[in-house]
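The structure appears right after this line, and notes come after that.
This structure is a prediction, so every number in the text was calculated from the model and none was measured.
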Amino acid sequence: QQKVQQSPESLIVPEGAMTSLNCTFSDSASQYFAWYRQHSGKAPKALMSIFSNGEKEEGRFTIHLNKASLHFSLHIRDSQPSDSALYLCAGGRGSALGRLHFGAGTQLIVIP
Amino acid sequence: DTTVKQNPRYKLARVGKPVNLICSQTMNHDTMYWYQKKPNQAPKLLLFYYDKILNREADTFEKFQSSRPNNSFCSLYIGSAGLEYSAMYLCASSRTGGARGTQYFGPGTRLLVL
C-alpha cells in the first residue's frame with residue numbers, strides 16, 4: 001500500500017512570502033503526482049499535476065518532482081491570504097482505474 | 001459544469017442504524033469514488049465504480065456497500081453505523097483517459113454517529 005507523507009503539518013507565513021510544501025511517496029511505481037487544494041468548507045480541487053521528473057510552473061505555483069527520491073513539492077511565490085487552505089498531495093500509478101493515494105495534508109495560513 | 005454534488009451535507013445517525021449517502025455528477029465521468037476523511041488523516045479510499053464495476057478496498061470490504069443505478073449517481077451505504085464511522089465522506093469522479101487521473105470532488109457529507 002502506497003504511503004504518502006506530507007510536511008509540514010501546518011504552516012503560517014506572511015503575505016508575500018515564498019511557501020514550500022513537501023511530499024514523499026513509498027511506491028516507486030507511481031507515475032502520476034498531483035496537488036489538491038481544499039478551502040475551508042469547500043470541495044478539494046486539483047491544483048497541478050505532473051508525470052515526469054522536473055518542474056512545472058503555472059502562475060505563482062511551481063511543482064517539482066524527483067522520482068528517484070520519491071519527493072514531490074509545491075512552491076507558492078508571493079503567497080496571498082486567498083492561498084490559505086489545506087493542501088493535499090496525491091500519487092498514483094496512472095492506470096485506467098485511477099486509484100490515488102493522498103497525504104494527510106498541510107494546513108497553510110497566509111497572514112495579511 | 002464540473003460540479004459533484006453530495007446529499008445530505010450533514011447527517012446525524014444513531015449507533016446501529018443504517019446510513020445512506022448520495023453523490024451525483026453530470027460530467028459523464030465513468031469512474032466515481034468514495035473516500036472517508038477524519039481530522040488530520042489522509043482521505044482514505046473506500047471503494048470506486050468504474051462504469052458498472054464496483055471495486056472495494058480490502059480493509060473496508062465488509063463495512064461499506066455502494067450502488068450506481070446510472071452513470072450520474074452513486075450511493076454509499078452503511079448497514080449498521082458505529083462510532084468509528086463518524087467522519088467526512090467525500091465523493092469524487094474522473095474520466096478515464098481525461099487529464100490522466102484528475103478527480104473532481106464534492107463538498108462532502110459530514111457524518112456524526114451518536
Side-chain angles (χ1 to χ4, degrees), chain A residues 1-11 21 23-27 29-52 56 58 63 65 72 85-108, chain B residues 1-7 9-10 23-25 27 29-61 87-110:
Chain A
Q1 177 90 6
Q2 167 88 279
K3 292 192 187 303
V4 182
Q5 298 290 333
Q6 286 191 243
S7 63
E9 291 184 6
S10 62
L11 188 59
L21 309 179
C23 190
T24 56
F25 293 83
S26 63
D27 183 4
S30 296
Q31 296 183 11
Y32 169 78
F33 301 84
W35 284 97
Y36 283 74
R37 181 170 68 179
Q38 184 177 20
H39 286 106
S40 181
K42 304 293 186 181
K45 187 173 181 181
L47 191 59
M48 291 178 69
S49 61
I50 194 169
F51 289 91
S52 55
K56 182 176 179 180
E58 290 182 4
I63 55 177
L65 174 64
F72 182 43
L86 179 69
Y87 288 79
L88 298 163
C89 70
R93 295 189 172 186
S95 68
L97 294 183
R99 194 185 253 108
L100 284 181
H101 299 275
F102 285 87
T106 293
Q107 185 68 52
L108 173 65
Chain B
D1 183 12
T2 57
T3 301
V4 176
K5 297 181 179 179
Q6 293 189 241
N7 287 296
R9 292 294 306 275
Y10 301 91
C23 177
S24 65
Q25 51 89 13
M27 296 173 278
H29 284 172
D30 50 22
T31 307
M32 295 185 74
Y33 309 82
W34 281 100
Y35 293 87
Q36 180 192 65
K37 189 176 189 316
K38 296 185 177 181
N40 302 314
Q41 295 184 21
K44 177 183 174 61
L45 180 64
L46 300 176
L47 52 87
F48 64 96
Y49 264 99
Y50 172 59
D51 196 14
K52 294 181 173 59
I53 301 171
L54 175 61
N55 299 269
R56 287 188 285 178
E57 296 299 280
D59 57 346
T60 57
F61 189 86
M88 175 72 82
Y89 289 85
L90 294 167
C91 175
S93 68
S94 70
R95 179 168 59 90
T96 304
R100 302 277 297 272
T102 296
Q103 295 186 12
Y104 297 83
F105 282 85
T109 295
R110 188 174 295 280

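Applying the side chain to side chain contact (heavy atoms under 4.5 Å, CB included) test to B:Ala92 and every residue at least two apart in sequence or in another chain returns B:Tyr33, B:Tyr35, B:Gln103, B:Phe105.
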**Request:** Could you give me the CA-CA distance, side-chain angles and deciding distance for A:Tyr36 and A:Cys89, then say whether side-chain contact (heavy atoms from CB on, under 4.5 Å) is met?
**Result:** CA-CA 6 Å; A:Tyr36 283 74; A:Cys89 70; over 6 Å; no
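With a 4.5 angstrom heavy-atom cutoff, B:Lys44 does not touch chain A via any of its atoms. Within the 4.5 angstrom heavy-atom criterion, no atom of B:Arg110 approaches chain A. Residue B:Ile53: no heavy atom, backbone or side chain, is found under 4.5 Å from chain A.
Taking the six-membered ring for Trp and thresholds of 30 and 60 degrees, B:His29 and B:Tyr104 have ring planes inclined between 30 and 60 degrees apart.
A ring pair (Phe, Tyr, Trp, His ring centres under 6.0 Å) with A:Phe33 is found for one member of A:Phe102, A:Phe51, A:Phe25 and no other, namely A:Phe25.
Ranked by non-hydrogen atom pairs under 4.5 Å with chain B, the options A:Ala46, A:Pro44, A:Gly105, A:Ala90 are led by A:Pro44. Per-residue heavy-atom pair counts under 4.5 Å with chain A were compared for B:Pro43, B:Pro39, B:Gly108, B:Pro107, and the maximum is reached by B:Pro43.
Note on residues 35-47 of chain A: pairs passing salt bridge (Lys or Arg N to Asp or Glu O under 4.0 Å), not counting sequence neighbours, are A:Arg37-A:Asp83.
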